[in-house]
Amino acid sequence: MSKRDYYDTLGVNRDASDDDIKKAYRKLAMKHHPDRNPDSKEAEDKFKEVKEAYEILSDGQKRAAYDQFGHAGVDPNAAGARGGQGFGDFADAFSDIFGDIFGGRGGGGRSNVYRGADLRYNMEISLEEAARGCEKQIRIPSHENCDVCHGSGAKPGTQPKTCPTCGGHGQVRVSQGFFSIQQTCPTCHGSGKQITDPCHKCHGAGQVKTHKTLNVKIPPGVDEGDRIRLSGEGEAGQNGGPAGDLYVVTHIKAHPVFQRDGMDLHCEMPISFATAALGGEVEIPTLDGLAKVKIAAETQSGRQYRLRGKGIKSVRGSDYGDLLCHVVVETPINLTERQKELLREFEAISQGDTAMHNPRAKSFMDKLKDFFG
Ligand SMILES: [Zn+2]
Ligand SMILES: [Zn+2]
């Protein structure tokens with residue numbers, strides 16, 4: 001039987017960090033956990049698949065072996081791995097997940113306590129804002145305790161009752177063959193309470209949808225697709241679990257003058273043909289105002305001038321990229337009679353020795369000569 005790629009199984013890139021792998025695993029393990037999918041063979045298989053992928057990719061040595069040799073490089077049933085079918089296996093994985101998050105409270109605790117989902121917010125910013133950094137306000141949907149019932153979900157003046165099925169534990173024990181496993185209570189879905197008289201505003205949820213405004217600090221140097229994490233600003237957790245994180249992903253708008261390439265910037269630098277021939281000085285825009293560039297005599301189109309340190313600051317360090325100006329020699333337009341006259345005169349006195357004044361044309365003619373013999 002051919003196996004699925006471990007990275008695909010976890011839905012992460014091959015260069016994913018340990019942290020990303022752990023996160024992907026947590027998400028999938030919770031989704032396919034047998035407690036949440038009772039009697040689903042498919043979920044059980046998925047759960048095992050995910051767990052196996054995590055066991056390999058979370059171990060530096062095994063991951064390296066897998067990267068190099070694929071499935072042949074790692075045998076999850078070999079020493080160290082917990083194979084087998086028993087539910088003990090699930091419990092182990094489960095306490096792995098929650099032991100991690102709640103500092104060891106998992107395993108025997110309430111398995112219906114979930115961390116909220118991470119959320120993503122796409123933010124468009126200008127190149128200038130990305131280069132200098134900025135502070136932005138964003139408005140995102142959120143949940144907040146209902147002000148009528150103060151979060152209880154019960155109509156004011158009434159109290160939620162203890163769930164009769166689980167006696168308030170949120171979990172019930174179910175026997176399956178020789179095993180007895182804990183499952184989330186089907187009546188109260190883990191809250192341990194039952195609301196007989198729901199609040200009219202939140203209909204028993206205890207929370208209402210609202211919006212919150214957050215300040216986001218964008219550090220100087222961010223690039224397309226960079227992520228800024230706002231810890232705990234994601235979706236609220238369930239039954240007292242911690243909130244997820246909010247990731248603000250930056251998208252840089254196209255700039256009319258500059259193209260960005262990592263920390264470097266590129267721009268076109270149009271110069272007149274006279275300046276190109278005689279040399280001179282031109283002013284060009286940079287992110288911090290105008291800068292002067294000395295143009296050498298006999299400059300051709302396509303030549304690059306590098307302005308050191310006029311690029312974008314590194315988002316992590318303190319160094320700056322460069323600004324690369326690409327020369328474009330312009331053909332003059334809208335000429336007056338006098339200008340045309342001078343150009344005709346120029347052309348006439350250059351007639352005898354065109355090759356000397358036009359290096360490209362000369363090399364072009366030379367190639368043609370070679371070609372025709
Ligand atoms: Zn309410
Ligand atoms: Zn219950």
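Atoms considered below: every heavy atom in the structure, side chains included; atoms not considered: hydrogens, waters and symmetry mates. Owing to the predicted nature of the structure, the values given are computational and were not obtained by experimental measurement.
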Reported CD1-to-CD1 distance for the pair Ile252 and Ile125, which is rounded to 0.5 angstrom: 4.0 Å
Side chain Thr162, main chain Gly168, donor-acceptor under 3.5 Å: no
Ion pair check, Glu128 and Arg132, cut-off under 4.0 Å: no
Whether Asp5 side chain and Asp8 backbone form a donor-acceptor pair below 3.5 Å: yes
Lys161 backbone acceptor or donor facing Gln194 side chain under 3.5 Å: no
Backbone of Gly309 reached by a side-chain donor or acceptor of Asp319 within 3.5 Å: no
Charged N-O contact under 4.0 Å between Asp264 and Arg260: no
Pairing of Arg63 and Asp59 as salt bridge, 4.0 angstrom limit: no
Cationic N near anionic O, under 4.0 Å, Lys253 to Glu129: no
Audit row: Glu52, Lys48, salt bridge (Lys or Arg N to Asp or Glu O under 4.0 Å) steps and yes/no: CA-CA 6 Å; Glu52 180 184 321; Lys48 279 185 191 160; over 6 Å; no
CD-OG1 distance between Gln171 and Thr184, expressed to the nearest 0.5 angstrom: 5.5 Å
Steps toward salt bridge (Lys or Arg N to Asp or Glu O under 4.0 Å) verdict (Lys22, Asp18): CA-CA 6 Å; Lys22 197 179 222 173; Asp18 289 354; over 6 Å; no
Salt-bridge criterion met for Arg229 and Asp118 (N-O under 4.0 Å): no
Point-to-point distance, once rounded to the nearest 0.5 Å, from NE2 of His251 to CD of Glu124: 8.0 Å
Under-4.0 Å salt bridge between Lys310 and Asp322: no
Straight-line distance of Glu49 CD to His32 NE2, nearest 0.5 Å: 8.5 Å
Residue Tyr320 excluded, over 12 heavy atoms near OH under 6.0 Å: no
Lys31 NZ: over 12 foreign heavy atoms closer than 6.0 Å: no
Nearest atoms (heavy-atom pairs only) where Thr299 meets Val329: O-CG2, 4.0 Å
Cluster link Ile140 to Val216, ILVMFWY, side chain under 4.5 Å: yes
Centroid-centroid distance, His33 to Phe47, less than 6.0 Å: yes
Gln339 side chain to Thr336 backbone, donor-acceptor under 3.5 Å: yes
Any donor-acceptor N/O pair, Lys313 side chain to Gly317 backbone, under 3.5 Å: yes
Backbone of Lys155 reached by a side-chain donor or acceptor of Thr158 within 3.5 Å: yes
Parallel, tilted or perpendicular, as decided by the 30° and 60° cut-offs, for the rings of Tyr54 and Tyr25: parallel
Flag side-chain contact, heavy atom, 4.5 Å: Cys325 against Leu307: yes
Minimum heavy-atom distance between Ile195 and Pro160, given as atom pair plus value: CG1-CB, 4.0 Å
Within 6.0 Å of CD in Glu281, more than 12 heavy atoms from elsewhere: yes
Over-ring placement of Arg120 relative to Tyr247, 6.0 Å and 45° cut-offs: no
Side-chain heavy atoms of Cys146 within contact of Lys201, under 4.5 Å: yes
Between SG on residue Cys166 and NZ on residue Lys193, distance to nearest 0.5 Å: 11.0 Å
Where Lys294 and Tyr305 come nearest, the two heavy atoms and their spacing: O-CE2, 3.4 Å
Expected output: side-chain Thr250 to main-chain Asp223 donor-acceptor under 3.5 Å: yes
Verdict with reasoning, Arg338 to Glu341, per salt bridge (Lys or Arg N to Asp or Glu O under 4.0 Å): CA-CA 5 Å; Arg338 171 77 180 130; Glu341 198 183 307; 3.7 Å; yes
Value rounded to 0.5 Å, distance of CG in Leu324 from CZ in Phe258: 11.5 Å
